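Accompanying notes for the structure given below.
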Amino acid sequence: MNQVRPAVNNNNSFLSLDEAFEFFYNGVSEFGPFWDHVLGYWKESLENPHKVLFMKYEDLKNEPKIQLKKLAEFMGYGFSIEEETQGVIEDIISLCSFEHLKNLDVNKNGLWSNCVESKVFFRKGEVSDSKNYLTPLMVERLDRLMDEKLLGSGLVFQ
C-alpha cells in the first residue's frame with residue numbers, strides 16, 4: 001500500500017528538510033518507496049535489456065558521449081560516422097546539458113503541474129550535491145539504507 005506524503009505538516013506550513021527526509025527515508029511519498037521503483041527498473045533492465053535501459057546520472061555526468069551513444073543505439077537510432085565527425089553528439093550533449101536546460105525560460109519561470117515553480121528542480125546538477133544540504137547523520141542513515149535496500153542486486157551508486 002502506497003502512502004501519500006503530505007505537502008504540508010500539521011502546522012499547515014511546507015515540510016522542513018528534516019520532515020521531508022523522514023518521509024523519503026520511510027518510503028512515504030506520492031509514488032511509493034523510491035527504492036522499490038529503482039530496483040524494479042534495475043531488475044527489468046537486466047531481464048529485458050532490449051526493452052528497458054537503466055542509466056545513472058553519475059554515468060551521464062562522467063561519460064556523456066558514451067552514454068548518449070548507448071541511448072541512441074537502444075532507441076534504434078545510432079549515430080553514423082559522418083554524424084560523429086560533424087560533432088552531432090557534442091551538439092546534443094550541449095543542448096541537453098544541465099546548464100543549458102536550467103537557463104531555459106520555461107525552467108526559470110515556468111510552473112510544473114500548475115503549482116510548483118520549475119526552477120526548484122534545478123540546483124547545481126552535481127553528483128552527491130545532496131550531501132551539502134543533508135546533515136552528516138542524514139547522509140549516514142541514507143547510505144546505510146541504500147546499502148540495505150540494494151544488497152545483492154548488483155546496483156551500485158557513488
Side-chain angles (χ1 to χ4, degrees), residues 2-5 7 17 20-21 23-134 138-139 141-158:
N2 291 345
Q3 296 176 321
V4 177
R5 171 188 66 78
L17 180 59
F21 176 85
F23 279 117
F24 179 82
Y25 183 85
N26 291 309
V28 179
S29 71
E30 291 89 353
F31 307 108
F34 172 77
W35 305 111
D36 290 352
H37 293 289
V38 170
L39 284 173
Y41 284 108
W42 171 251
K43 289 175 183 175
E44 193 63 26
S45 75
L46 296 175
E47 293 171 14
N48 293 299
H50 60 285
K51 290 186 177 181
V52 177
L53 176 63
F54 192 96
M55 300 181 91
K56 296 186 287 185
Y57 187 71
E58 293 90 341
D59 296 338
L60 288 166
K61 289 288 288 186
N62 290 333
E63 46 189 24
K65 189 171 182 177
I66 291 170
Q67 295 301 314
L68 180 57
K69 289 172 76 171
K70 185 176 174 181
L71 176 61
E73 287 293 328
F74 176 78
M75 295 176 63
Y77 294 97
F79 295 101
S80 68
I81 300 289
E82 183 179 330
E83 289 171 323
E84 287 194 45
T85 57
Q86 291 177 348
V88 171
I89 295 173
E90 289 79 8
D91 290 345
I92 292 171
I93 290 170
S94 178
L95 285 171
C96 296
S97 72
F98 180 84
E99 284 305 316
H100 179 77
L101 294 174
K102 179 179 182 176
N103 289 311
L104 291 175
D105 186 57
V106 68
N107 292 330
K108 289 194 309 189
N109 303 309
L111 292 177
W112 179 79
S113 197
N114 292 323
C115 63
V116 177
E117 291 181 321
S118 299
K119 64 183 175 186
V120 302
F121 296 106
F122 294 89
R123 287 193 322 255
K124 296 178 188 170
E126 297 298 324
V127 173
S128 298
D129 186 49
S130 60
K131 293 179 181 179
N132 293 318
Y133 297 87
L134 303 177
M138 288 174 169
V139 171
R141 288 179 63 202
L142 202 51
D143 285 346
R144 202 170 42 240
L145 179 66
M146 187 166 66
D147 289 345
E148 173 190 318
K149 296 291 186 181
L150 300 180
L151 183 66
S153 70
L155 179 58
V156 178
F157 290 98
Q158 290 180 351

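In this chain, residues are counted from 1 in sequence order. Hydrogens, waters and symmetry mates play no part in the numbers below; they use all other heavy atoms, side chains included. Computed from a predicted model, the values in this text were never measured in an experiment.
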Are the side chains of Arg141 and Leu134 in contact, using a 4.5 Å heavy-atom criterion? no
For a 4.5 angstrom cut-off between non-hydrogen side-chain atoms, does Leu95 reach Ile92? no
Nearest atoms (heavy-atom pairs only) where Phe54 meets Tyr41: CD1-C, 3.8 Å
For the student: nearest non-hydrogen atoms of Ile93 and Leu68, plus distance: CG1-CD2, 3.8 Å
Which value, rounded to the nearest 0.5 Å, describes the distance between [X] atom [atom1] and [Y] atom [atom2]?
{"X": "Lys69", "Y": "Ile89", "atom1": "NZ", "atom2": "CD1", "answer": "5.0 Å"}
{"X": "Asn62", "Y": "Asp59", "atom1": "CG", "atom2": "CG", "answer": "6.5 Å"}
{"X": "Glu83", "Y": "Tyr77", "atom1": "CD", "atom2": "OH", "answer": "12.5 Å"}
{"X": "Leu60", "Y": "Ile66", "atom1": "CG", "atom2": "CD1", "answer": "11.5 Å"}

Set of residues satisfying side chain to side chain contact (heavy atoms under 4.5 Å, CB included) with respect to Leu53, sequence neighbours excluded: Met55, Lys70, Leu71, Phe74
Sorted by chain and residue number, the side chain to side chain contact (heavy atoms under 4.5 Å, CB included) partners of Val127 (sequence neighbours excluded) come out as Tyr57, Glu58, Lys61, Gln158
Could you go through residues 145-154 and list every donor-acceptor pair under 3.5 Å that involves a side-chain atom there, pairing it with any protein atom two or more places apart or in another chain?
| unit_1 | atom_1 | unit_2 | atom_2 | d |
| --- | --- | --- | --- | --- |
| Ser153 | OG | Leu150 | O | 2.7 |
| Ser153 | OG | Leu155 | N | 3.1 |

Under 3.5 Å, side chain of Asn107 to main-chain N/O of Lys102, donor-acceptor pair present? no
Please list all pairs meeting ring pair (Phe, Tyr, Trp, His ring centres under 6.0 Å) that have one or both residues in residues 79-106, counting only residues at least two apart or in different chains. Phe98-Phe122
According to the salt bridge (Lys or Arg N to Asp or Glu O under 4.0 Å) rule, which pairs have a member within residues 89-101, sequence neighbours left out? Lys65-Glu90
Only pairs under 3.5 Å count here: list side-chain donor-acceptor contacts from residues 44-51, not counting sequence neighbours, and write none if there are none.
| unit_1 | atom_1 | unit_2 | atom_2 | d |
| --- | --- | --- | --- | --- |
| Glu44 | OE2 | Asn48 | ND2 | 2.4 |
| Ser45 | OG | Trp42 | O | 2.6 |

